[in-house]
Structures are given as structure tokens and as C-alpha cells.
There are 2 protein chains.
Amino acid sequence: MHKVATPLLLKKERQDFIIKELNLHNKVLSSDLCSQLNVSEDTIRRDLNELAESGKLVKVHGGALSVSYSGNSSEDVVYAREQKLIIAKKAVSLIQDGMLILTSGGTTLREVIKLLPKDLNATFCTVSLMTAEELLKHPNIEVIFIGGKLSKDAKISVGGDSILKLSEMSFDLCMVGTNGIDAKFGVTDSDLEVVQVKKAMIRASKKIVVLSISEKLNTVCRGGICKPNEIDYLITELDNHAPELASYHQAGIKLL
Amino acid sequence: MHKVATPLLLKKERQDFIIKELNLHNKVLSSDLCSQLNVSEDTIRRDLNELAESGKLVKVHGGALSVSYSGNSSEDVVYAREQKLIIAKKAVSLIQDGMLILTSGGTTLREVIKLLPKDLNATFCTVSLMTAEELLKHPNIEVIFIGGKLSKDAKISVGGDSILKLSEMSFDLCMVGTNGIDAKFGVTDSDLEVVQVKKAMIRASKKIVVLSISEKLNTVCRGGICKPNEIDYLITELDNHAPELASYHQAGIKLL
DNA sequence: TATTGATTTGCGGTTTTATGCAATTTTATA
DNA sequence: TATAAAATTGCATAAAACCGCAAATCAATA
């Protein structure tokens with residue numbers, strides 16, 4: 001005759017909590033969870049099993065790790081590559097011979113660079129090591145790197161030097177990947193050093209193109225980069241009649 | 001009756017840490033690992049065994065080596081790696097905490113960066129994408145990239161902007177790899193854009209260290225970078241009494 | 001409303017895993 | 001070849017995972 005106490009939280013809430021913890025710390029211990037959530041080890045274990053089943057985390061003895069973290073070993077796989085390829089194709093259509101284009105970093109931008117036509121004659125400017133390396137593979141593209149202190153995480157130039165340099169230049173087009181994009185708050189990022197640089201990038205460019213997989217739509221991070229009315233184009237993998245994009249269209253952003 | 005202390009990290013985290021160390025330094029010592037991770041030698045050894053089992057590293061007496069380093073990987077084979085490693089070891093001995101160091105590109109420099117001690121606190125400045133990426137792997141090193149137009153072949157910043165920027169700075173030490181080095185003509189290179197940048201690098205630095213495998217000794221290229229009397233140290237894989245180096249010694253260059 | 005069936009949860013017992021320790025063997029090297 | 005460091009082996013133990021099962025909860029429906 002077992003007593004089963006009414007849980008304080010529903011299963012879904014518990015699992016959401018676990019995911020949140022994981023996003024925050026990249027790891028959770030079963031023991032911590034069951035004291036925080038006031039449930040038995042078994043329940044936690046079953047939750048972890050379910051979440052692992054659907055690929056939301058990686059289970060290990062004693063707890064779980066976030067998928068992004070656990071995948072540091074062979075990171076040749078790009079997250080959501082399919083979507084990013086669609087985005088890249090659309091982005092390429094905006095680029096024309098003779099343009100002076102400024103680009104940020106990120107794997108989406110890399111896909112864009114990879115898809116650039118071989119005979120394109122243009123000048124690209126970037127703050128990202130990864131983007132620069134990719135650009136150098138194109139024989140007809142002139143590549144300029146905006147120097148400065150390099151950020152360990154984003155692997156882009158940050159700090160005063162980069163911002164100053166950007167302020168002295170003027171670009172036809174600026175392509176930025178995003179961490180957060182929202183119809184009301186615009187483009188945001190959680191890394192404040194990155195925020196400063198991206199703001200400078202946007203100030204330096206005539207046209208702003210924001211690239212984002214739909215998953216990041218309607219997310220807001222701490223640091224504001226630009227308001228919706230500063231964005232000229234928003235490119236996602238979705239069809240531009242998709243309901244998810246309606247609010248952005250209403251905000252005056254062109255969809256592609 | 002043995003007590004088993006709760007580990008601070010989960011097994012997977014530990015193993016990820018080992019892999020990361022390996023990517024950075026190409027080798028790990030079991031003794032280092034077990035003090036860094038606060039676990040017994042046995043645990044480390046079992047981790048190494050598992051990782052070796054799945055081909056993530058190569059186990060050797062006393063520690064482990066990264067697969068690429070241990071040889072077989074045809075991926076990034078570095079020409080004359082053995083010699084470059086010897087050079088790198090010597091070069092590292094010149095670097096101290098708090099220094100501001102300027103470095104060129106090249107695979108020799110990459111080996112130097114890989115061998116830098118983990119706890120080194122210094123600021124590195126570079127014009128090379130490859131060097132920059134390697135430097136970013138060191139958490140305690142501040143990395144500054146000198147921006148500018150990127151050269152397709154050398155993958156370093158060239159042109160007026162980079163040279164101007166360099167002229168505004170002052171470094172404790174400059175480490176350059178070379179294409180040609182000769183006791184009479186000094187350092188030379190065949191790429192004239194690269195020559196300009198290297199000249200600027202040398203002007204901006206108090207001490208000049210030239211790294212060169214012995215194969216390149218007594219070769220002269222079209223573009224002169226600096227005269228022998230401007231060189232402070234010459235580092236090759238040879239013993240500094242080797243006859244090949246006599247003429248350099250006579251030219252007043254310190255050997256290492 | 002009452003019944004029935006599926007879901008969720010906790011508990012006891014069992015199995016597996018992870019780790020440390022001690023004694024012995026192997027390896028590297030001076 | 002002598003010696004110290006490292007690897008191996010076997011064992012002990014605590015923690016975690018697993019497996020049924022029963023109680024409680026929830027959902028749908030007769």
C-alpha cells in the first residue's frame with residue numbers, strides 16, 4: 001500500500017524545468033533535480049529518458065548534458081543545415097557584382113558564402129574568422145578583415161578598434177545572423193560585446209539583411225542590436241506567406 | 001571499507017575535457033589530468049582506455065596523444081613536423097607572462113602556439129587567420145587580429161591598413177616564420193605583399209625572432225624583409241653548434 | 001455519476017556502473 | 001641492469017539505473 005503524493009508540478013512543467021536548467025548550466029544531476037523538484041529519483045530518471053528519447057538532451061550516468069555541449073567532439077555537423085541552406089540560397093539572390101558587403105559570423109553565413117557563384121566579383125568585409133576563411137576560397141572575391149580584439153566564444157572582432165574601423169566605412173549591404181529576432185524588439189543577442197559590434201555593423205550599412213532560422217523567431221535576448229524598422233530584409237527558411245512571419249511583415253520588413 | 005567521493009564532474013564531462021586538452025596541446029599526461037580533474041590515476045586511465053577504444057586518442061605510457069599528432073591522420077599533415085616541433089619548443093622558452101607578442105602565420109608558428117603553456121598570461125597579436133584560430137583555443141591569452149585585406153595564398157592581412165595599424169603599435173617580441181633566410185641577405189620572401197607586412201612587423205617590435213627549418217637556410221627570395229643585423233634570435237631544429245649555423249652566428253645572430 | 005482504462009508516480013529489490021584502493025606486473029630510462 | 005613510474009588486475013563499495021507492482025490521478029464515456 002503505497003502513498004503517492006500529489007506532485008507539485010505537472011510532468012510537462014518538470015521537463016521544461018529540466019531543459020531550462022540544461023540551457024543554463026549545460027548539465028544537470030539527477031540528485032539535484034529530485035531535491036529541487038521534490039520527486040523521486042525514478043521520476044527524474046523517467047523524465048530524462050523521455051527527453052533523451054526525443055533528442056532534447058544526452059543522458060549520462062548521474063544526470064544529463066545538453067546536446068550542444070555534448071557534441072563538442074566532432075562538430076562538423078551544422079545544426080539545422082537544411083534550413084540554413086534554404087536561407088543561404090535566398091540570401092545569395094541579393095548579392096550582385098561590384099557590391100561592398102559586410103557580413104557577420106555564424107554557420108548560416110558560412111552556408112551563404114559557400115553558395116556564392118564562382119564568378120562573382122565583389123568585395124566582402126567581415127569580423128568573423130570563420131567567414132573570412134570561407135570567403136578566401138573564392139578566387140574572385142576580395143576579402144577584408146576588420147581587425148581588433150577577438151572574442152573567444154563568437155570568434156569575431158570586438159572592442160573599440162573594430163567599432164572605430166567600421167564607423168569609417170560604408171557598405172552596400174550588411175548580412176547578419178542572429179541569436180534573437182522579434183517583431184517588436186528587433187534583433188538581439190546575449191553576448192554584449194557582440195552586440196556592440198553588430199550595432200556598428202548596422203550603422204555602417206545602407207541595407208540590412210537579417211538571416212534567421214524560424215526557430216529563433218520571436219526570441220529576445222538581453223542586448224538590443226537594432227529595431228525592426230532598421231531591418232530591410234528578413235530571410236528565414238519559411239515561405240514568405242507563412243503565418244509565423246505575418247507580424248514581421250506588418251513591421252515593415254521585407255520577406256524573402 | 002572504501003569511501004568513494006562524489007566526483008565534481010560527470011564521466012562524460014571529464015572525457016570531453018580530455019579531448020579538449022588534446023585538441024589544444026596534442027598531448028596529455030595522466031598525472032596532470034588527475035590533478036586537474038581531482039580524480040584518481042585509475043579513473044583517468046580508464047577514461048583514456050575508453051577514449052582510445054573508440055579511436056578518439058592514442059594512449060601512450062604516461063598519458064595520451066591526439067590521433068592527428070600521433071601520425072596516421074592524412075588530414076592535416078604538416079611538412080617536416082618533427083623539426084618544427086623542436087623549433088617550437090625552443091621558441092616557447094622565449095615567451096614570458098605579460099608580454100605583448102606579434103606573430104606571423106605558417107605551420108611552424110602554429111606548432112609554437114600549440115606548445116604554449118596553459119597558464120600563460122600574455123597578449124598575442126597576429127596577422128594570420130590560422131595563428132589567430134589556434135591562439136583562441138587558449139583561454140588565458142588575449143588575441144588581437146590586425147585587420148586588412150586578406151591575401152589569398154598566405155591567408156594573412158596585407159596592404160596599407162595592416163601596415164598602418166602595425167606602425168602604431170609596439171611589441172616586446174616578434175616571431176616570424178620565413179621563406180628564405182641567409183647570413184648575408186637576411187630574411188626574404190617571394191610574395192611581395194607579404195614582404196611589406198613583415199617589414200612593418202619587424203619595425204614595430206623590440207626583439208625579432210626568426211623561425212626556420214634548416215632546409216630553408218641559405219636561401220634568398222626576391223623580396224627583402226630584413227637584414228641579418230636586425231635579427232635577434234634565429235631558431236632552427238639544429239643544435240646551435242651545428243656547422244650550418246656558423247655563418248649566422250658570425251653575423252651576430254643569437255642561436256637557440 | 002459511476003465505471004473503466006490509461007497515465008503517472010513512488011517503493012522495494014535487484015542489477016549495473018563508477019570509482020578508489022592495494023598488490024602485482026610491466027615499462028621506460030638512466 | 002637497477003629503479004622508479006605507470007599499467008594491470010582483482011576487489012570493495014556507494015551510487016545510480018532498472019524492473020515490476022500497487023496506489024493515486026486523470027480522461028473519457030456509458
Side-chain angles (χ1 to χ4, degrees), chain A residues 1-19 21-22 25-67 69-70 73, chain B residues 1-22 25-67 69-71 82 85-86 89 239:
Chain A
M1 173 150 7
H2 299 302
K3 267 246 286 279
V4 177
T6 307
L8 288 83
L9 291 125
L10 268 29
K11 193 168 98 158
K12 180 82 169 54
E13 294 181 282
R14 248 189 356 247
Q15 298 194 352
D16 284 350
F17 177 85
I18 295 175
I19 296 295
E21 279 295 289
L22 221 41
H25 303 112
N26 281 329
K27 98 168 164 182
V28 290
L29 301 181
S30 317
S31 51
D32 286 359
L33 287 174
C34 81
S35 68
Q36 285 169 4
L37 296 168
N38 261 347
V39 289
S40 72
E41 291 264 357
D42 294 72
T43 302
I44 293 300
R45 187 171 37 72
R46 276 184 280 240
D47 282 340
L48 294 183
N49 278 330
E50 283 178 32
L51 292 168
E53 196 84 22
S54 56
K56 305 250 175 67
L57 51 76
V58 176
K59 213 161 79 87
V60 297
H61 197 92
L65 302 173
S66 74
V67 269
Y69 173 82
S70 71
S73 309
Chain B
M1 201 213 281
H2 302 302
K3 267 259 280 281
V4 177
T6 308
L8 287 82
L9 279 83
L10 298 168
K11 194 169 102 160
K12 179 114 179 30
E13 291 183 286
R14 244 185 5 240
Q15 299 193 352
D16 283 349
F17 178 86
I18 295 174
I19 296 293
K20 223 175 77 188
E21 279 295 289
L22 223 40
H25 299 107
N26 283 325
K27 87 170 173 192
V28 290
L29 301 181
S30 316
S31 50
D32 284 359
L33 288 174
C34 81
S35 66
Q36 287 172 39
L37 296 167
N38 259 348
V39 289
S40 72
E41 294 262 358
D42 297 72
T43 302
I44 293 300
R45 189 170 32 71
R46 275 185 279 240
D47 282 340
L48 294 183
N49 279 331
E50 282 178 33
L51 292 168
E53 195 85 20
S54 56
K56 305 248 176 69
L57 52 75
V58 176
K59 214 158 79 84
V60 295
H61 199 91
L65 304 173
S66 72
V67 271
Y69 177 82
S70 73
E82 289 300 314
L85 262 173
I86 298 172
K89 272 186 200 141
D239 184 277

S.K.: Rounded to the Å, how far apart are A/Arg45 CZ and D/dC18 P?
M.R.: 6 Å
S.K.: As a quick check of understanding, evaluate side-chain contact (heavy atoms from CB on, under 4.5 Å) for A/Lys56 and A/Leu22, giving each step before the final call.
M.R.: CA-CA 10 Å; A/Lys56 305 250 175 67; A/Leu22 221 41; over 6 Å; no
S.K.: Above 12 or not: heavy atoms from other molecules or residues under 6.0 Å from NZ of A/Lys59?
M.R.: yes
S.K.: Considering just the side-chain nitrogens and oxygens of A/Ser30, establish if one lies under 4.0 Å of OP1 or OP2 belonging to D/dA17.
M.R.: yes
S.K.: I'd like to check A/Leu57 versus A/Ile18 (side-chain heavy atoms, cut-off strictly below 4.5 Å). Are they in contact?
M.R.: yes
S.K.: Grab the CG-C1' distance between A/Asn49 and D/dC19 for me, whole Å please.
M.R.: 13 Å
S.K.: How would you label the contact of B/Asp47 with the nucleic acid (heavy atoms, under 4.0 Å): base, sugar-phosphate, or nothing?
M.R.: nothing
S.K.: So A/Lys59, base contact, sugar-phosphate only, or nothing? Heavy-atom distance under 4.0 Å.
M.R.: sugar-phosphate
S.K.: Take atom NZ of A/Lys12 and atom C1' of C/dT8, then tell me their distance rounded to the nearest Å.
M.R.: 16 Å
S.K.: Rounded to whole angstroms, how far apart are CD on B/Glu41 and P on D/dT8?
M.R.: 12 Å
S.K.: Measure the distance from CD1 on A/Ile44 to C1' on D/dA16 and round it to the nearest whole Å.
M.R.: 13 Å
S.K.: Report the C-alpha distance between B/Asp16 and B/Lys20 in whole Å, list the side-chain angles of each, state the deciding distance to 0.1 Å, and finish with yes or no for salt bridge (Lys or Arg N to Asp or Glu O under 4.0 Å).
M.R.: CA-CA 6 Å; B/Asp16 283 349; B/Lys20 223 175 77 188; over 6 Å; no
S.K.: In whole angstrom, what separates A/Asp42's CG from D/dC19's P?
M.R.: 12 Å
S.K.: Could you give the NZ-to-C1' distance, from A/Lys11 to C/dT7, as a whole number of Å?
M.R.: 8 Å
S.K.: Assign each of A/His61 and A/Ser40 to its nearest nucleotide of DNA chain C by heavy atoms, then name whichever residue's nucleotide is nearer the 5' end.
M.R.: A/Ser40
S.K.: Does the side chain of A/Arg14 get closer than 4.0 angstrom to OP1 or OP2 of C/dT8 through an N or O atom?
M.R.: no
S.K.: Starting at atom CG of A/Leu29, determine the distance to atom P of D/dA17, rounded to an integer number of angstrom.
M.R.: 10 Å
